[in-house]
Amino acid sequence: MPFSTISVIGLGYIGLPTAAVFASRKKNVIGVDVNQNAVDIINRGQIHIVEPDLDMIVHAAVTEGYLRATTKPESADAFLIAVPTPFKGENEPDLSYIEAASKSIAPVLKKGDLVILESTSPVGATEQMAEWLSEARPDLSFPQTHGEASDIRIAHCPERVLPGHVLRELVQNDRVIGGMTPKCSQLAISLYKVFVQGECIVTNARTAEMCKLTENSFRDVNIAFANELSMICDKLDIDVWELIRLANRHPRVSILQPGPGVGGHCIAVDPWFIVSKTPEQARLIRTAREVNDSKPKWVIEKVQLAVEEFLRANPDKTTQEVTISCFGLSFKPDIDDLRESPALAITLQIAQSHPGRVLAIEPNITQLPENLSGKLQLKTLEEGLAETDVLVLLVDHEQFKKLEHQTESKQKIVDTRGIWNKKNEAKL
Ligand code: SAJ
């Protein structure tokens, strides 16, 4: 067996499931994270993030002794780096977590080890990581200088799993393997074959980096197309959802769905990694980002119009007496993840500017995170429907789709997802 011990650096949304899946295949896994609290939670067999079924497999892996977490890297045969690549400055990728992770594993590297960068990265990041490792370990040889004869093998193998379906997609998705040399790729394949049932497809590191960015940019550009259509149709008095349904009957047309903007930690971020490297060429990709980022403001203006219309129809009421209910806070349907959510940003903005009551309805959470509890009132679906004048639908959760609520004729609806009865919809 080439890999008796595998180390995963960064125990977040990608690293922890990956570590747990290796452990479930009876590999010895050392998980490393700078967050002592996360390390303690994992060593108790619990999890600090939300992902269906992950708690069970982490619990089993820890109790059976295959998974252990620590803050300090230890010797292993393969290292997978799955740390964040956030922004710095004006949408520039920040590689400081990758740099810190590389420098932290360098002292424990030994001849024959494999280092894989899984974090979504701008083109060139894997070569940069190899440089950091080689600077820290001049006694070892690396692929950028020694090619196939190197002591250390390096590859970029981007994660491509969908939050909410991580455990299934980790195993079933095809995997892009971007080795710095063919031998690096071969070793990386033998590692992933421990659990990956999809195909492992070999390319070089730069293409693998660009492939991940391309997938998320493709989606962003296509969502921007749908969002732009929704704003055009609004001007032209056309129901955009009916329009998309009709256009999608064409055998070569498949338009995505408009919404209140693009959220999450990937699709709204990764296209900028392309733009920042090639600003002159990436014109469409940049514009798509701008279109999607402009959508929350457009929705807030629609809500203001709906309030005005409500007041015109109810001249005895003042703005302070108008209650607005926002349905959905998460960044996409049927999850409880509020991070980078346009629905949450819109709700907070409305709560800040509207002088009357603003109610938040999010059936996937039982209480608001501490930093939001002073700013929003979380209500049940029933309360949100009964006590409100303007209904703002932001996330197409199952619970909202199933709703058979007859809105009172006085109530106004702003539906950003096109799932509710349009009978009383405000003129948007
Ligand atoms: N959205 C729309 N309209 C649509 C589809 C999505 O407005 O028709 C919005 C959603 O509401 C959400 C955002 O886009 O706010 C992103 O949601 P998503 O489900 O499309 O994607 P993510 O961010 O959960 O996961 C993506 C996936 N990438 C692709 O599908 C190309 C996943 O496979 C990646 O692994 C993940 O990013 C990542 O980690 O990069």
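For the numbers below, each heavy atom of this structure counts, side chains included, while hydrogens, waters and symmetry mates do not. In each ligand, atom 1 is the first atom listed, and ligand 1 is the first ligand listed. Position 1 is the first residue of the sequence; numbering continues from there.
- Ranking protein heavy atoms by distance to atom 3 (N) of ligand 1, first place goes to Gln257 O, 2.7 Å.
- A salt bridge links Lys212 with Glu159: the distance from a Lys NZ or Arg NE/NH1/NH2 to an Asp or Glu carboxylate oxygen falls below 4.0 Å.
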Pair Ser325, Lys379 - check side chain to side chain contact (heavy atoms under 4.5 Å, CB included), show working.
CA-CA 9 Å; Ser325 287; Lys379 294 279 178 177; over 6 Å; no
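- One finds the CD atom of Glu362 at 4.5 Å from the OG atom of Ser330 (value rounded to the nearest 0.5 Å).
- Contacts between Arg219 and ligand 1 below 4.0 angstrom, taking non-hydrogen atoms only, involve the side chain exclusively.
- Closest protein heavy atom to atom 17 (O) of ligand 1: Lys332 CD, 3.8 Å.
- Ligand 1 has no nitrogen or oxygen under 3.5 angstrom from a nitrogen or oxygen of Ile223.
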Could you walk me through whether Lys401 and Glu398 pass salt bridge (Lys or Arg N to Asp or Glu O under 4.0 Å), step by step?
CA-CA 5 Å; Lys401 283 197 211 160; Glu398 270 314 309; 3.5 Å; yes
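- His397 has its ring centre no less than 6.0 Å from the ring centre of Phe327.
- In terms of protein heavy-atom proximity, atom 27 (C) of ligand 1 is closest to Leu162 CD1, 3.7 Å.
- When heavy-atom distances to ligand 1 are checked against a 4.0 Å cut-off, Lys212 comes that close only through its side chain, counted from C-beta outward.
- Compare Val161, Ile267, Val262, Thr120 by their heavy atoms: the one nearest to atom 21 (O) of ligand 1 is in Ile267.
- Shortest contact from atom 37 (O) of ligand 1 to any protein heavy atom: Cys266 CB, 3.3 Å.
- The aromatic rings of Phe87 and Phe273 sit perpendicular to each other, their planes meeting at more than 60°, with 30° as the lower class boundary.
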Using side chain to side chain contact (heavy atoms under 4.5 Å, CB included), reason through Thr18 and Glu118 one step at a time and then give a plain yes or no.
CA-CA 10 Å; Thr18 305; Glu118 282 214 6; 4.3 Å; yes
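- Residue Arg160 has at least one N or O atom closer than 3.5 Å to an N or O atom of ligand 1.
- Taking 4.0 Å as the cut-off between side-chain N and carboxylate O, Glu209 and Lys277 do not count as a salt-bridged pair.
- Atom 10 (C) of ligand 1 has as its closest protein heavy atom Phe331 O, 3.9 Å.
- Each of the following atoms of ligand 1 lies closer than 4.0 Å to a heavy atom of Leu256: 8 (O).
- At under 3.5 Å, not a single nitrogen or oxygen of Glu215, backbone or side chain, sits near a nitrogen or oxygen of ligand 1.
- Near Pro163, meaning under 4.0 Å from any of its heavy atoms, are these atoms of ligand 1: 24 (O), 25 (O).
- Salt-bridge check for Glu301 with Lys297: passed, with a basic side-chain N closer than 4.0 Å to an acidic carboxylate O.
- Between Gly263 and ligand 1, an N or O atom pair is found at a separation short of 3.5 Å.
- Heavy-atom distances between Arg417 and ligand 1 reach below 4.0 Å in at least one pair.
- The protein heavy atom nearest to atom 31 (C) of ligand 1 is Asn216 OD1, 3.2 Å.
- Rounding to the nearest 0.5 Å gives a distance of 4.0 Å between CD1 of Ile274 and CD1 of Ile285.
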